[in-house]
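Below is one structure, written out as structure tokens; the observations come after it.
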Amino acid sequence: MEKGKLEPPLSTGGEGSGVRMDAEKEHNMRKEFICLALSTMLLALGLPAQAQQAPKIAKIGYLVPSTAAAHAPNLEGFRQGLRELRYVEGKTIVLEFRYAEGRFERLPELARELVGLKVDGIVAATDVAIAAVKRETQTIPIVMGTSTDPVATGFVASLARPGGNVTGLSNISPELSGKRLELLREVVPGLSRVAIIWNPDVRGAMFDYNATEGAARSLRLQLQSVEVLRAEDLDRAFSAIIKERAQALIQTGSNPVLFSNRGQVASFAQTNRLPSMHHNRAYVDAGGLMSYGPNTPDMFRRAATFVDKILKGAKPADLPVEQPTKFELVINLKTATQIGVTIPPNLLARADRVIK
């Protein structure tokens, strides 16, 4: 090498290396920024999703014309239905109860209270309760626990396609009136005079009464009409039955006043040795002689299925009204002994339940 000339330094990457390091640093920073942005976006999207996943607690109104004690067996049937459908009361479903305590004039106010709570649906126990709720709302779904004749009363357009905000169960009681009188005649040979206790103010009761009157005419029985509109009418009704010398007593269809005072009705019949026929086995449990009709607690168990379908998006208008397919005959042998009545063996054999 010539003197005065310097060798160029050995290459250690020089400017090219610096450029590569800067590019790598910028690339890493870009990756971090993208990851941060993605995380923020996923978090923002995840919050609503988590909120949507939180289970909604359904709120169902429950309107009963009678007392809580009187309705207890039917309510237990409804609660059993909810449990079978995996609802947990207080956690996945809340029930708002209103009881009229046998005072029909309270029903409109109680129905308004339930509508004001913005419930997801309302279970109405009987015709008078259904009518009260239906007057207050045409949008909130209404499930009938029992209804005498929902088409004739105007609750639904038809059993197959209700067409409005009402659906549920019908106990088709008018069709059973003749059978009840026939069973009563089997127990009372020579039966000719029967007193019927009913309430003309109850929607659907007139259909029951007319059907019973027609059946009595066919069987050549004299029917004594005894109206009970409120609890205060009971003593007068009992006096009228004794005065007209009725040989038996029949009670058909829904009557919250009688239902709340069924023990008093049974006691009157026993004291006066009157065989009695009822539409609901709860009267026989209270001391009545016989009942023939649908299993009412089981109907309320089925009402829970309607509530479930509605909560899952079904419209009442599209849910056909159900009718019971099985009817039960219940006989109280203890009462039969007290009033001096002998139950024919073939009738006992046909009974679904015998209270001894």
Side-chain angles (χ1 to χ4, degrees), residues 58-89 93-100 102 107 110-111 114 119-134 141-150 155-156 159 162 166-173 176 202-204 253-256 258-260 262 278-286 291-311 314 316 319-328 330 352-353:
K59 186 188 293 185
I60 299 297
Y62 200 108
L63 183 60
V64 181
S66 62
T67 64
H71 187 72
N74 297 333
L75 176 57
E76 178 52 35
F78 181 72
R79 280 178 161 149
Q80 179 187 341
L82 290 179
R83 290 192 295 268
E84 290 172 357
L85 294 165
R86 301 189 182 280
Y87 286 95
V88 179
E89 195 172 343
I93 193 167
V94 172
L95 302 180
E96 293 284 351
F97 297 102
R98 296 294 185 276
Y99 294 94
L107 286 170
L110 298 177
L114 291 175
V119 291
D120 299 301
I122 298 176
V123 176
T126 62
D127 286 337
V128 284
I130 298 163
V133 179
K134 194 172 187 298
I142 301 170
V143 174
M144 304 180 293
T146 61
S147 175
T148 303
D149 190 338
F155 297 149
V156 299
L159 297 182
V166 180
T167 188
L169 297 105
S170 168
N171 58 17
I172 57 170
S173 186
L176 302 175
V202 174
R203 294 186 72 164
S254 172
N255 188 331
L258 290 180
F259 193 73
S260 297
R262 59 188 181 276
H278 306 276
H279 78 296
N280 188 316
R281 72 178 185 183
Y283 288 87
V284 184
D285 290 333
S291 69
Y292 181 70
N295 183 322
T296 308
D298 187 65
M299 292 180 70
F300 277 85
R301 182 185 68 83
R302 289 292 306 154
T305 302
F306 282 87
V307 170
D308 177 56
K309 290 178 180 178
I310 288 169
L311 291 177
L319 293 176
V321 174
E322 286 190 8
Q323 296 174 272
T325 55
K326 182 181 178 182
F327 304 96
E328 60 177 9
V330 181
D352 299 279
R353 182 179 168 216

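Position 1 is the first residue of the sequence; numbering continues from there. This one's a predicted model, so the numbers in the text were calculated from it and none came from an experiment.
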Which heavy atom in [X] sits nearest to a heavy atom in [Y], and how many Å separate them?
X: P294; Y: F327; result: N-CD2, 3.7 Å
X: P141; Y: D120; result: CD-O, 3.5 Å
X: V128; Y: P65; result: CG2-CG, 3.5 Å
X: L107; Y: A129; result: CD1-N, 4.3 Å
X: E328; Y: D352; result: CA-OD2, 3.0 Å

Any non-hydrogen side-chain atom of [X] less than 4.5 Å from a side-chain atom of [Y]?
X: E89; Y: L95; result: yes
X: L319; Y: I310; result: yes
X: E96; Y: I60; result: no
X: V123; Y: V307; result: yes
X: T126; Y: V64; result: no
X: P316; Y: V166; result: no
X: N295; Y: P297; result: yes
X: L114; Y: I122; result: yes

*Kindly assign one of parallel, tilted or perpendicular to the pair Y99 and F97, based on the angle between their ring planes and the thresholds 30° and 60°.*
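Y99 and F97: parallel rings.
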*In terms of the angle between their ring planes, are Y283 and H278 parallel, tilted or perpendicular, with boundaries placed at 30° and 60°?*
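Y283 vs H278 ring planes: parallel.
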*From CG (D127) to OG1 (T146), nearest 0.5 Å*: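 The distance works out to 7.0 Å.
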*Would you give the length of the straight line joining atom CG of L311 to atom NZ of K309, rounded to the nearest 0.5 angstrom?*
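These two atoms lie 12.5 Å from each other.
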For [X], check side-chain contact (heavy atoms from CB on, under 4.5 Å) against everything at least two apart and list the hits.
X: A72; value: none
X: P150; value: M144, S147, F155, V156, L159, S170, V321
X: R353; value: R281, D285, V330, I355

_For residues 64-77, which residue pairs pass the side-chain hydrogen bond (donor to acceptor under 3.5 Å, both in side chains) check, not counting sequence neighbours?_
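side-chain hydrogen bond (donor to acceptor under 3.5 Å, both in side chains) check on residues 64-77 returns Y62-H71, E76-R83.
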Report, one line per pair, each donor and acceptor closer than 3.5 Å where one atom sits in a side chain of residues 299-306; sequence neighbours left out.
from	atom 1	to	atom 2	distance (Å)
R301	NE	D298	OD1	2.8
R301	NH1	E84	OE1	3.1
R301	NH2	D298	OD1	3.1
R302	NE	E322	OE1	3.1
R302	NH1	T305	OG1	3.3
R302	NH2	E322	OE1	3.4
R302	NH2	E322	OE2	2.5

*Tell me, please, which residues at least two apart from D308 pass side-chain hydrogen bond (donor to acceptor under 3.5 Å, both in side chains).*
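Checked D308 against side-chain hydrogen bond (donor to acceptor under 3.5 Å, both in side chains); matches are Y87, K312.
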